[in-house]
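Shown below is the structure under consideration.
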Amino acid sequence: MKPQQNQFSKSLSFLTLLSFLFSCGSEKETAQAVPDAPIYTLVFLDKTQSVHIDKNYVNDKYRQALTDIVETNMRNKGDKLEVYFIHENTSKARALSLTVRTEKDNIEGVNATDREGIETAFQLSLQKEKGIYLRQLLAKLNQQNTGASNQSTDIWASLPVIAKAGESGSEVKVYYFSDMVESVKGADRRDFHIKPPKNDSEAEADAKADTKKLDQYAIGSPQVTIVSPFEPTASTKENNPHVTHYWQTLFQELGGVSVEEL
């Protein structure tokens, strides 16, 4: 091969390598530029007789938890929060639906000073929006249910709501502000006021039996948190740990979902 041809081949190989590295870098940047999935928050507020929102401890704990949820989960345009009341007709009891509308201006190619200004304006607008949402949430928290629907606690009915939220492709976070005492009349239902599980083994057996009735709901893998109304000094008779174990087992069986309790 002539020296000129050899030099040309080396140059061509070097350019090919540069092109490959550049394309890899572009692909990486593109992957990093894909925004996170929006957060879809579901809040289930127990509006039955067994949960006393008027007690100072419960009200303070629930107010703080709702404040934290708004602050943590409502961060970007498209993040959504829906509130459902837990009672006799839970799945039809949507009380509030909120979606973040604040949008950050494009910062691509802008200088550091302008970028800081855009970020500050976005955060100010977002915090104003969050403040409005929190006031609406707290109003729903304190709303009384004096109707006949407060006689039943249908937590099972939250499952199709969760499944529907999962269809959106969002990251689903679920919060139950409840004692989780399922109480619905009927031969194929649970009434933990009348017959709570006596031990963890019974709770597991009940949950696994109920999974067969409820696995029609593809709930996916939501993050589930129970915000209980019980004080740390509550007795096991009041705060039955086997009821909690029932729900932990049920969600584990339905979708491998772990449940956190606050």
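Numbers for residues simply follow the sequence, beginning at 1. Side chains included, hydrogens not; waters and symmetry mates left out as well; all remaining heavy atoms used.
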* Asked: Can you tell me if Gln64 and Asp60 form a side-chain donor-acceptor pair at under 3.5 Å?
  ->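 There is no such pair between these side chains.
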
* Asked: Is there side-chain contact between Val174 and Tyr176, with at least one heavy-atom pair below 4.5 Å?
  ->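 In short, these two side chains touch, coming nearer than 4.5 Å.
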
* Asked: Under a 4.5 Å cut-off applied to non-hydrogen side-chain atoms, are Asn142 and Ile53 in contact?
  ->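 A side-chain contact under 4.5 Å exists here.
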
* For the side chain to side chain contact (heavy atoms under 4.5 Å, CB included) test, which of Leu45, Leu96, Thr90 pairs with Phe85? -> Leu45

* Asked: Are side-chain heavy atoms of Phe177 and Ser228 found at a separation under 4.5 Å?
  -> no

* To do: Check whether any side-chain heavy atom of Pro197 lies under 4.5 Å from a side-chain heavy atom of Phe192, and answer yes or no.
  => yes

* Taking the side chain as C-beta and beyond, is there a heavy-atom pair between Arg63 and Asn59 under 4.5 Å? -> yes

* Structure fact -> Which of Lys130, Gln136, Glu129, Arg135 passes side chain to side chain donor-acceptor pair (under 3.5 Å) with Tyr133? Answer is Glu129

* **Pairwise side-chain contact, Tyr40 with Glu171, heavy-atom cut-off 4.5 Å (strictly under)** =>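 Answer no - side chains too far apart.
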
* Decide yes or no for Asn73 and Lys173: does some side-chain heavy atom of the first lie under 4.5 Å from some side-chain heavy atom of the second? =>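 With C-beta onward as the side chain, the pair touches.
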
* Does the side chain of Arg190 come within less than 4.5 Å of Val184's, by heavy atoms? -> no

* **Asp188/Lys213 ion pair, N-O < 4.0 Å** => no

* To do: Decide, yes or no, whether a salt bridge links Arg101 with Glu103 under the criterion of side-chain N to carboxylate O below 4.0 Å.
  =>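 A salt bridge is absent here (no side-chain N lies under 4.0 Å from a carboxylate O).
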
* **side-chain hydrogen bond (donor to acceptor under 3.5 Å, both in side chains) partners of residues 247-262, not counting sequence neighbours, each pair once** => none

* Asked: Same hydrophobic cluster for Phe251 and Trp156, using side-chain heavy-atom links shorter than 4.5 Å among ILVMFWY?
  -> yes

Below 3.5 Å, can you tabulate the donor-acceptor pairs from side chains in residues 121-128 to any protein atom, sequence neighbours excluded?
unit_1 : atom_1 : unit_2 : atom_2 : d
Gln123 : NE2    : Glu119 : OE2    : 3.0
Ser125 : OG     : Thr102 : OG1    : 3.2

* **side chain to side chain donor-acceptor pair (under 3.5 Å), paired with Tyr246, selected from Asp206, Asp200, Asp210** => Asp210

* To do: Please check if atom NZ in Lys61 has more than 12 non-hydrogen atoms from other residues, nucleotides or ligands closer than 6.0 Å.
  =>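 Yes, enclosed.
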
* To do: Decide side chain to side chain contact (heavy atoms under 4.5 Å, CB included) for Ile69 and Tyr175; before the verdict, give the C-alpha distance in whole Å, the side-chain angles of both, and the deciding distance to 0.1 Å.
  => CA-CA 9 Å; Ile69 287 168; Tyr175 300 85; 3.6 Å; yes

* To do: Rounded to the nearest 0.5 Å, what's the gap from OH on Tyr84 to CG on Asn89? Could you check?
  => 11.5 Å

* Asked: Is there a path from Ile39 to Leu134 through hydrophobic residues (I, L, V, M, F, W, Y) whose side chains come within less than 4.5 Å of each other?
  ->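 Result: no, two separate clusters.
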
